[in-house]
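Input: a single structure, listed below in structure tokens.
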Amino acid sequence: MTKKINVGVIGGGLMGREVASAFGRWFALKDSSVNPALVGVADLNADALDWFKSVPGCTTLTQDYRELLENSEIDVVYVAVPHNLHEKIYTDVLDSGKDLLAEKPFGIDLGSAERILRKTTDSGRFVRCSSEFPYFPGALRVYKAASSGEFGRILEVRSGFHHSSDLDPNKPANWKRQSATCGEIGVLGDLGMHVCHVPFRLGWKPNSVYAQLQKGYSERPGGICDTWDNAMLHTWVKIEGSGDVPMRLEMKRLAPGETDTWFIEVIGTEGGAKFSTKNPRTFWTFSRESEQKWSRIDIGFDTSFKTITGGIFEPGFPDVLMQMWAAFFAEREGVLGEHFGCVTPNEAVFSHQLFSAAIESQKSNQSISINHK
Ligand SMILES: NC(=O)c1ccc[n+]([C@@H]2O[C@H](COP(=O)([O-])OP(=O)(O)OC[C@H]3O[C@@H](n4cnc5c(N)ncnc54)[C@H](O)[C@@H]3O)[C@@H](O)[C@H]2O)c1
């Protein structure tokens, strides 16, 4: 018998609804040790709450998130709210004695992330941060291949996430385009965690960064916008056996032609691997024998947690989100095994160290060293 886990969501917007969708077809997973149920949602916006009336078993719909925290039936809380609210709400969740799947960027800035980390440690609760793109089978293959040491001397790493969400000047202003609510780090907070998760897990944490940051439209219907929209972080990482390696992290909300493209490439003297969500089934490997070659393998639906979905089909965003939740629950139960784990609070804090160094680099037009704490 699988163990039932009751989950509450604070922030029933774009991401809050995706959780309802993931749990709603949990039966598609063949090897999950738990059975999660979305039992309550808190959102200030009555229209956002209304949508959850169609979710079976989601009986508590409230505008005051404390109602969820006071509910002793709820085991885990997922919080998906604007970045200026992360610290307060994450702290309240932990004070209520519940486990937490936090959203990126895990606090609005470095100070906030450090305080959340301290609170996490003091509370003893299980806390992870959301980042689902590494759960694409092709992304996991890149991770495994890069960990194998079979690439010879690694020459270059490139990890990125490109949107074109801000190209339309008529798109209304919202909290993600304003520093007060998104954070001074702007796009770094919005897309940065997605780009850092795999490199950080490989142990590739930058020692220095030179940042090129660009802003988008300063005004949109409904308000002023002041956040960084595009970021190119040119970093150095020390990789065992390869020495100092250039690693470029790219985060863009102004990338013409890109809807939602997450990619990673690791290239060495003897081998390499790359994956992009533009071709969600496809994994590329590089090999150098008598001739050099890039080989394309259509790996299909080879997810880490097995499902009923046919192996020839292609994975998509709702699938990898479900995989991420399966990893969260497995690790919480102590049965993660060989599966790829969600972003840890320490990794989230390190991403903030990198992002604040990037802001300093942009201001001074210099490369900034990063001390690993
Ligand atoms: N993992 C991902 O792929 C991914 C994608 C998009 C956004 N995010 C992250 O998720 C979080 C939310 O982003 P989103 O796109 O879902 O935003 P959104 O604007 O679509 O939804 C946020 C919701 O929070 C609600 N809210 C605001 N204050 C609240 C409060 N005090 N109590 C309860 N609800 C409140 C709003 O009414 C809104 O419905 C952010 O941290 C963002 O960075 C993650």
Side-chain angles (χ1 to χ4, degrees), residues 8-22 40-52 60-69 77-93 96 100-109 112-113 116 128-136 139 161-163 165-166 171-183 185-197 222-223 227-228 251 253 259-262 277 316-325 327-328 342-343 347-348 351-352 355:
V9 164
I10 302 177
L14 175 75
M15 290 310 291
R17 287 193 295 270
E18 288 292 343
V19 174
S21 152
V41 178
D43 198 300
L44 295 179
N45 179 340
D47 291 340
L49 283 181
D50 243 15
W51 181 86
F52 288 89
T60 306
L61 299 178
T62 173
Q63 288 180 302
D64 180 358
Y65 69 82
R66 281 167 200 287
E67 207 180 310
L68 298 186
L69 304 187
V77 178
Y78 169 64
V79 183
V81 294
H83 303 167
N84 58 317
L85 302 175
H86 283 189
E87 183 177 348
K88 165 78 177 129
I89 298 186
Y90 295 177
T91 302
D92 287 347
V93 169
S96 76
L100 169 70
L101 182 64
E103 259 303 342
K104 45 87 184 166
F106 206 72
I108 197 161
D109 55 21
S112 180
I116 298 167
R128 290 292 179 269
C129 185
S130 168
S131 153
E132 61 280 2
F133 291 92
Y135 294 91
F136 270 95
F161 197 3
H162 292 175
H163 272 240
S165 48
D166 280 9
K171 183 176 175 176
N174 68 16
W175 67 264
K176 289 181 190 169
R177 273 97 205 149
Q178 293 168 336
S179 295
T181 41
C182 181
I185 55 177
V187 69
L188 296 164
D190 190 6
L191 305 181
M193 187 80 80
H194 294 298
V195 166
C196 291
H197 190 176
T227 51
W228 298 111
M251 291 134 269
R253 298 194 294 209
T259 313
D260 194 55
T261 307
W262 182 99
T277 56
F317 183 89
D319 301 303
V320 294
L321 193 84
M322 191 159 81
Q323 292 282 318
M324 177 190 78
W325 272 99
F328 173 84
C342 297
V343 172
E347 287 169 332
S351 73
H352 269 291
F355 302 154

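For ligands, and for the atoms within them, numbers begin at 1 and follow the listed sequence.
- For Tyr65, there are no ring-ring contact (aromatic ring centres under 6.0 Å, His included) partners at least two apart in sequence or on another chain.
- Here Leu85 has side-chain heavy atoms under 4.0 Å from ligand 1, and that is the only part of it that gets that close.
- At the top of the distance list for atom 14 (P) of ligand 1, counting protein heavy atoms only, stands Lys176 NZ, 3.9 Å.
- Using a 4.0 angstrom heavy-atom cutoff, Gln63 does not count as in contact with ligand 1.
- Residue His83 touches ligand 1 through its side chain alone, judged by heavy-atom distances below 4.0 Å.
- Looking at Tyr78 and Met15, their side chains come closer than 4.5 Å, going by heavy atoms from C-beta outward.
- Atom 19 (O) of ligand 1 has as its closest protein heavy atom Trp175 NE1, 2.8 Å.
- Of all protein heavy atoms, the one lying nearest to atom 22 (C) of ligand 1 is Ala80 O, 3.5 Å.
- With ligand atoms numbered from 1 in the order given, ligand 1 contributes 1 (N), 2 (C), 3 (O) to contacts under 4.0 Å with heavy atoms of Glu132.
- With ligand atoms numbered from 1 in the order given, ligand 1 contributes 1 (N) to contacts under 4.0 Å with heavy atoms of Ser130.
- Of all protein heavy atoms, the one closest to atom 5 (C) of ligand 1 is Met15 SD, 3.3 Å.
- Side-chain contact between Ile10 and Val93: present, with at least one pair of heavy atoms (C-beta onward) separated by less than 4.5 Å.
- By the 4.5 Å heavy-atom criterion applied to side chains, His86 and Ser112 are not counted as neighbours.
- A distance of 6.0 Å or more separates the ring centres of Trp262 and His162.
- Glu103 OE1, 3.4 Å is the protein heavy atom nearest to atom 9 (C) of ligand 1.
- When heavy-atom distances to ligand 1 are checked against a 4.0 Å cut-off, Ser131 has no atom that comes that close, whether in backbone or side chain.
- At the shortest separation from atom 20 (O) of ligand 1 among protein heavy atoms lies Leu14 N, 3.0 Å.
- Set against the non-hydrogen atoms of His86, the atoms of ligand 1 under 4.0 Å away are 41 (O).
- Protein heavy atom in closest approach to atom 41 (O) of ligand 1: Lys104 O, 2.8 Å.
- In the model, Arg253 has a side-chain atom that pairs as donor or acceptor with a side-chain atom of Thr227 under 3.5 Å.
- Residue Ala42 approaches ligand 1 through these ligand atoms, each under 4.0 Å from one of its heavy atoms: 33 (C), 34 (N).
- Between Phe133 and Phe136, the ring planes are parallel. Angles under 30° get that label, and only those over 60° would be called perpendicular.
- Considering only non-hydrogen protein atoms, atom 37 (O) of ligand 1 sits nearest to Asp43 OD1, 2.6 Å.
- Using a 4.5 Å heavy-atom cutoff, the side chains of Thr62 and Leu68 are in contact.
- For the pair Glu18 and Phe317, the minimum side-chain heavy-atom distance is below 4.5 Å.
- Under the 3.5 Å distance criterion, with hydrogens and angles disregarded, a donor-acceptor pair is assigned to the side chains of His163 and Asp260.
- Applying the 4.0 Å criterion to heavy atoms of Asn45 picks out, from ligand 1, the atoms 37 (O).
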